[in-house]
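Below is one structure, written out as structure tokens; the observations come after it.
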Amino acid sequence: MPEFLEVFRTMAMPILRETLGNPLGFYVSQVGPLNQFIHLWAYASLADYEARSLRRDAHPGFPAYLQASEHLILAQETRLIRRVDL
């Protein structure tokens with residue numbers, strides 16, 4: 001996890017801030033499945049998510065991050081969640 005966090009901080013974060021905006025937060029698991037890293041971003045709509053994701057994927061520095069982190073990631077999952085008022 002320390003190696004992944006360093007690669008993410010130095011290589012991914014500048015690109016993600018430029019293309020996705022500011023994150024809501026970052027989390028690591030402590031109980032249950034371990035060594036999980038969760039990052040949370042807010043989008044105005046599904047179209048906004050898709051547009052920002054395309055910008056991220058097209059960024060010239062993004063392939064270098066993917067290559068540097070490839071051996072550190074065993075699985076990925078993307079979830080789109082919607083807030084509800086209760």
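Worth knowing before you read on, the calculation uses all heavy atoms, side chains too, and leaves out hydrogens, waters and symmetry mates.
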* To do: Can you run down the salt bridge (Lys or Arg N to Asp or Glu O under 4.0 Å) pairs that involve residues 28-38, sequence neighbours left out, and say none if there aren't any?
  =>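 As it turns out, there is no salt bridge (Lys or Arg N to Asp or Glu O under 4.0 Å) pair with a partner in residues 28-38 once direct neighbours are skipped.
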Name all residues meeting the side-chain contact (heavy atoms from CB on, under 4.5 Å) criterion together with [X]; count only those two or more places apart in sequence or in a different chain, and write none if there are none.
| X | value |
| --- | --- |
| Pro23 | Met13, Arg17, Phe26, Trp41 |
| Leu72 | Glu3, Phe4, Val7 |
| Leu46 | Tyr49, Glu50, Leu80 |

* For Ala44 and Asp48, which heavy atoms make the closest approach, and how far apart are they? ->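 Here Ala44 and Asp48 meet closest at N-OD2, 2.9 Å.
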With [X], which residues qualify under side chain to side chain donor-acceptor pair (under 3.5 Å), at least two apart?
| X | answer |
| --- | --- |
| Asp57 | none |
| Asn35 | none |
| Glu6 | Arg9 |
| Glu77 | Arg79 |

* Linked, directly or transitively: Leu5 and Met11 (ILVMFWY side chains, under 4.5 Å) ->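 The answer is yes; both residues are in one hydrophobic cluster.
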* Hey, any chance Phe37 and Leu40 share a hydrophobic cluster, counting ILVMFWY side chains that come within less than 4.5 Å of each other, even indirectly? ->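 Phe37 does not cluster with Leu40.
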* Quick one: does Tyr43's side chain get under 4.5 Å of Leu20's, heavy atoms only? ->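 Heavy-atom side-chain distance check passes, below 4.5 Å.
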* **Side chain Ser29, main chain Gln36, donor-acceptor under 3.5 Å** =>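 Yes; at least one donor-acceptor contact below 3.5 Å.
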* To do: Evaluate the criterion ring-ring contact (aromatic ring centres under 6.0 Å, His included) for residue pair Tyr27 and His39; output intermediate values, then yes/no.
  => CA-CA 6 Å; Tyr27 309 89; His39 41 112; over 10 Å; no
Interatomic spacing from [atom1] in [X] to [atom2] in [Y] - rounded to 0.5 Å:
| X | Y | atom1 | atom2 | result |
| --- | --- | --- | --- | --- |
| Arg56 | Ile15 | CZ | CD1 | 10.5 Å |
| His59 | Leu54 | NE2 | CG | 14.5 Å |
| Gln76 | Ser69 | CD | OG | 7.5 Å |

* With Glu18, which residues qualify under salt bridge (charged side-chain N to carboxylate O under 4.0 Å, His left out), at least two apart? ->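 Glu18: no salt bridge (charged side-chain N to carboxylate O under 4.0 Å, His left out) contacts found.
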* Partners of Arg83 by salt bridge (charged side-chain N to carboxylate O under 4.0 Å, His left out), sequence neighbours excluded? ->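 Checked Arg83 against salt bridge (charged side-chain N to carboxylate O under 4.0 Å, His left out); matches are Asp85.
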* Run through the side-chain heavy atoms of Ile, Leu, Val, Met, Phe, Trp and Tyr, join any pair under 4.5 Å, and report what else lands in Leu86's cluster. =>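 In the cluster with Leu86 are Val84.
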* Asked: Got a sec, which pairs hit ring pair (Phe, Tyr, Trp, His ring centres under 6.0 Å) with one end in residues 64-86, sequence neighbours left out?
  ->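 Matches after skipping sequence neighbours: Phe62-Tyr65.
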